[in-house]
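Atoms within a ligand are numbered from 1 in the order they appear, just like the ligands themselves.
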Amino acid sequence: MSRKFLITGNWKMNLTPDESVSLVDEINAVVGIQTNVQVCVCPPFTSIPVVSTKVEQSEVLLGAQNMHEEPSGAYTGEVSAEMLRSLYVSHVILGHSERRQYFGETNTSINSKILSAINANLKPIYCIGETLEEREAGSTMEILSAQVREGLSGFPSSALDLLVLAYEPVWAIGTGKTATNDMAQDAHAGIRKVLAEMFGESAASSVRILYGGSMKPDNATGLLSQPDVDGGLIGGASLSAKSFCDIVQAAMSAP
Ligand code: 13P
């Protein structure tokens, strides 16, 4: 099963609208026309409207970093899937470890968001990953399996083409410590096995699983060459057009 690479930039809480325009203009100029690798940028909410107008004429896709599960209502400070769709957002990062750690999100609360996202035809990029303590205790696969099973509980098989997973070992995020190629491959293969148990082999083989955690141009080729690594979710290195586009180019030439 051939899966097209997806390279996604998670800009986190960085860049004003003006700064976002500069960055997306540079990205568009280098990788905005090609269609070999899917490219997606996820700016903060305040930059989504301007970035949306900028990617309209390019192949670059637009994502958000979070959403609320209800379509509207008295939820001060929140943004719904419908609001994002109205700005031509196609993807939404859900369950990022920073949201689990600082904002109390759990597999169950993320599950509600994932189901609402697909109801609005928004593609969830569902983030999972173990902490250092969990890895050292030998419970990585147990944690990942619970995150997949609980986060995707009730997920309809018919919507699997909308789903993207991102394996982001918490200890590798923003630390400069990357999972080795083998560690990433083992985790991705294990995640795909859980998907196969839930949805069947053939469906599982079509779901893209991205790697995230200190991915940079110099380690991207090795990670992206692993058979079950289908792209990257890039934090720090996505804030520089050069390093982000170099990662996209690494994906273009990866096997
Ligand atoms: P870094 O690339 O900065 O480690 O961040 C990864 C990440 O959290 C992407 O969602």
Side-chain angles (χ1 to χ4, degrees), residues 5-15 19-20 23-24 27 37-45 47-48 51 60-67 89-103 105 110 113-114 117 122-132 134-135 140 143-144 147-148 151 163-181 183-184 187-188 191 208-224 226 229-251:
F5 280 122
L6 171 62
I7 302 294
T8 300
N10 175 8
W11 296 358
K12 306 194 180 182
M13 196 174 73
N14 294 293
L15 308 184
E19 291 166 341
S20 301
L23 179 55
V24 76
I27 293 170
V37 168
Q38 277 190 332
V39 177
C40 179
V41 293
C42 302
F45 288 136
S47 291
I48 285 179
V51 173
V60 174
L61 302 166
L62 181 57
Q65 300 173 18
N66 182 32
M67 53 163 256
V89 170
S90 56
H91 289 71
V92 60
I93 297 171
L94 292 174
H96 194 280
S97 65
E98 288 150 14
R99 297 219 51 94
R100 294 176 188 260
Q101 185 180 349
Y102 305 129
F103 303 99
E105 294 197 8
I110 298 159
K113 294 186 179 199
I114 290 174
L122 202 51
K123 301 180 174 76
I125 301 177
Y126 175 37
C127 301
I128 58 175
E130 81 288 359
T131 62
L132 186 58
E134 289 161 346
R135 175 162 283 272
T140 298
I143 295 293
L144 296 178
Q147 289 172 332
V148 173
L163 180 68
V164 178
L165 262 82
Y167 169 59
E168 298 207 310
V170 179
W171 47 271
I173 296 176
T175 58
K177 289 186 197 143
T178 320
T180 63
N181 298 339
M183 273 172 168
H188 284 228
I191 293 163
R208 285 178 297 183
I209 309 175
L210 315 184
Y211 170 81
S214 299
M215 192 187 261
K216 306 270 185 289
D218 62 0
N219 58 27
T221 300
L223 289 160
L224 293 170
Q226 302 308 308
V229 176
D230 308 313
L233 183 54
I234 329 290
S238 74
L239 296 172
S240 143
K242 164 106 180 70
S243 56
F244 184 64
C245 294
D246 282 354
I247 295 173
V248 175
Q249 270 146 0

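- The shortest distance between side-chain heavy atoms of Glu105 and Asn66 falls below 4.5 Å.
- Counting the atoms of ligand 1 from 1 in the order shown, those under 4.0 Å from a heavy atom of Gly236 are 1 (P), 2 (O), 3 (O).
- Gln65 and His96 are not linked by any side-chain donor-acceptor pair at a separation below 3.5 angstrom, with hydrogens and angles left out of the test.
- Side-chain contact check for Val164 versus Thr8: every heavy-atom pair is 4.5 Å or farther apart.
- Per-residue contacts place Ser214 under 4.0 angstrom from the following atoms of ligand 1 (heavy atoms of the residue considered): 1 (P), 2 (O), 4 (O).
- Counting atoms of ligand 1 from 1 in the listed order, those under 4.0 Å from a heavy atom of Ala172 are 4 (O).
- Of all atoms in ligand 1, listed by their number and element, those nearer than 4.0 Å to a heavy atom of Gly174 are 1 (P), 3 (O), 4 (O).
- Taking every heavy atom of Asn10 and a limit of under 4.0 angstrom, the matching atoms of ligand 1 come to 9 (C), 10 (O).
- Considering backbone and side-chain N/O atoms, Thr175 never comes within less than 3.5 Å of an N/O atom of ligand 1.
- Side-chain contact between Ile110 and Gln147 is absent, with no heavy-atom pair separated by less than 4.5 Å.
- Distances below 4.0 Å separate heavy atoms of Gly213 from the following atoms of ligand 1: 4 (O), 6 (C).
- Scanning the protein heavy atoms around atom 7 (C) of ligand 1, the nearest turns out to be Glu168 OE2, 3.2 Å.
- Scanning all protein heavy atoms for the shortest distance to atom 2 (O) of ligand 1 gives Gly235 N, 2.9 Å.
- Using a 4.5 Å cut-off on side-chain heavy atoms (C-beta onward), Ile93 and Cys127 make contact.
- Proximity of Lys12 to ligand 1 is established by a heavy-atom distance of less than 4.0 Å.
- For the pair Ser238 and Leu23, the tightest heavy-atom approach, listed with the atom from each and the gap, is O-CD2, 3.6 Å.
- Listed by chain and number, the residues in a salt bridge (Lys or Arg N to Asp or Glu O under 4.0 Å) with Arg208 amount to none (sequence neighbours excluded).
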